[in-house]
There are 2 protein chains.
Amino acid sequence: MIRVLLVDDQQLIRAGLRMLCDAEPDLEVVGEAGNGREAITLAARLTPDVIVMDIRMPGVDGISATSRVLAERPATRVLVLTTFGDDDHLYPALNAGACGFLLKDAPPEELLEGIRRAAEGDSPFSRDVLRRLVRRATTAGAEQRRPVEGLTPREQDVLDLVGEGLSNTEIGERLHIGVTTVKTHIAALMTKTGSPNRVRLALVAHRQR
Amino acid sequence: MIRVLLVDDQQLIRAGLRMLCDAEPDLEVVGEAGNGREAITLAARLTPDVIVMDIRMPGVDGISATSRVLAERPATRVLVLTTFGDDDHLYPALNAGACGFLLKDAPPEELLEGIRRAAEGDSPFSRDVLRRLVRRATTAGAEQRRPVEGLTPREQDVLDLVGEGLSNTEIGERLHIGVTTVKTHIAALMTKTGSPNRVRLALVAHRQR
DNA sequence: GAGCGTCTCCTCCCTGGGGAGGAGGACCAG
DNA sequence: CTGGTCCTCCTCCCCAGGGAGGAGACGCTC
């Protein structure tokens, strides 16, 4: 028997979710909360297995409520159920410790299955939320190394140090070369990378690593 | 009926997978490949719905084979099935266009369910692979905003544009303020953030977002 | 009203960044 | 040997960047 706490500011939605869960033999709705503050107190008192959590709520929102609840009882599974799957809500929710993220336009079976999977320790995500997650993880990983073709090894050294935020004299000292030499390399780097100023060059250095 | 192509260099595993799939009424194994090269040619000839792809193979590996296959037929669903769930394989595979990533130590039902979900356009992931994906996406997302205490809103505006690599005059034009005002804000930013020069300031801006 | 913080802008000054152009020495391939 | 690339360094020049210091205007709170 999976003990569920429903958190949503619209009682109509809460009622719908409760009916949905009550029809399942393995799900038991142990309580309802209309905002984040109620959710925190009810979670502490009722110790549910899974919390179905809305994000946009008056007062304490679902993100803060999630981190507060998990600070008290880390074993609780928080499943976010919200209308929009935008990144502004997704990543803060995951950072707060939510185990899954479903959209309200999903079919009811997906929610019920998501609650069960959450209770089992799995992480249920709606299809396009998962797609967004993958894209973020892969684009973050794709920017690992992009060699910026055509740089001489010495220019690469200088570029790295520019990316560290060093001045020309500091770069010269670090590489044991004169300041004018550093300037020469930097001039070459700027033309090669098409950077109009030093800060852009530093950004290129960062994008590259 | 879901048409499946099995790709793995060990024929014992291929045989096991084939037996597994043949026992299912909705799955049909249309072919087997022992390396990436075979996989590419067979995928073109057999046009399977789902390819179950191993990564470590002699000759052309599963990553390259995946991108080659998807370049020809983008609608193909490639489901990676491998022994180790390390990041070295995961992100290249996703970048290559794999739709899912399962581990070989998963229960057989998970694989069968994964093939069905892949065919439906979903993205099946093993539990700990998904956990790794979430962690990467969130740690990448955790660096969104770290407010750098004590900055006025206007200073924050200027800091953002410095981070973009704009010059003082460009910043002034963008914010509709004079260059000297920009200088004032930047001076404040440098003392507040402890940056000795503009590039370091830009790095602070980037670390913050 | 006094005080405070923020935004705006000013002047004076000077160093460092950045463009243009040249030059010598080391190395390697044709 | 010659031509090429790369690294090194030079001069001349200009201006954007950056420090110091002051000041007026607005809006807030006490």
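Lettering of chains follows the sequences in order, A, B, ..., and the numbering in each one begins at 1. Computation of the quantities below employed the complete heavy-atom set of this structure, encompassing side-chain atoms and omitting hydrogens, waters and symmetry-equivalent molecules.
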**Report entry** For E28(A), side chain to side chain donor-acceptor pair (under 3.5 Å) partners two or more places apart
**Finding:** none

Query - Shortest non-hydrogen separation from L203(B) to G163(A) and the atoms involved - result: CD1-O, 3.2 Å

Query raised in the report: In the 5'-to-3' direction, what one-character label does each nucleotide of nucleotides 4-21 of chain D receive under the scheme B = base within less than 4.0 Å of a protein heavy atom, S = sugar-phosphate only, - = no such atom?
Result: --SSBBBB-----BBS--

Report task. With sequence neighbours excluded, tell me which residues meet salt bridge (Lys or Arg N to Asp or Glu O under 4.0 Å) with D49(B). Result -> none

I'd like a table of donor-acceptor pairs (distance under 3.5 Å, sequence neighbours excluded) in which one partner is a side-chain atom from residues 168-176 of chain A, with atom names and distances.
from	atom 1	to	atom 2	distance (Å)
N168(A)	OD1	R198(A)	NH2	2.1
T169(A)	OG1	S167(A)	OG	3.0
E170(A)	OE1	S167(A)	N	2.8
E170(A)	OE1	S167(A)	OG	3.4

Query raised in the report: Starting at CD of Q156(B) and ending at C1' of dT6(C), how long is that distance when rounded to a whole Å?
Result: 15 Å

Would you list the atom pairs, donor with acceptor, under 3.5 Å between side chains in residues 7-23 of chain A and any protein atom, with sequence neighbours excluded?
from	atom 1	to	atom 2	distance (Å)
D8(A)	OD1	Q10(A)	N	3.0
D8(A)	OD2	K104(A)	NZ	2.9
R14(A)	NE	E32(A)	OE1	2.9
R14(A)	NH1	D8(A)	O	2.6
R18(A)	NE	E32(A)	OE2	2.5
R18(A)	NH2	E32(A)	OE2	3.4

Query - Residue pairs fulfilling side-chain hydrogen bond (donor to acceptor under 3.5 Å, both in side chains) with at least one residue in residues 111-126 of chain A, sequence neighbours excluded - result: E24(A)-R116(A), D26(A)-R116(A), E110(A)-S126(A), R117(A)-D122(A)

Report task. Please identify each residue that fulfils salt bridge (Lys or Arg N to Asp or Glu O under 4.0 Å) with R200(B), with sequence neighbours left out. Result -> none

Query raised in the report: Taking five pairs at each end, how big is the angle between the two axes of the helix from dG1(C)-dC30(D) to dC28(C)-dG3(D), to 10°?
Result: 40°

Report summary line: So salt bridge (charged side-chain N to carboxylate O under 4.0 Å, His left out) across residues 63-79 of chain A, not counting sequence neighbours, yields none

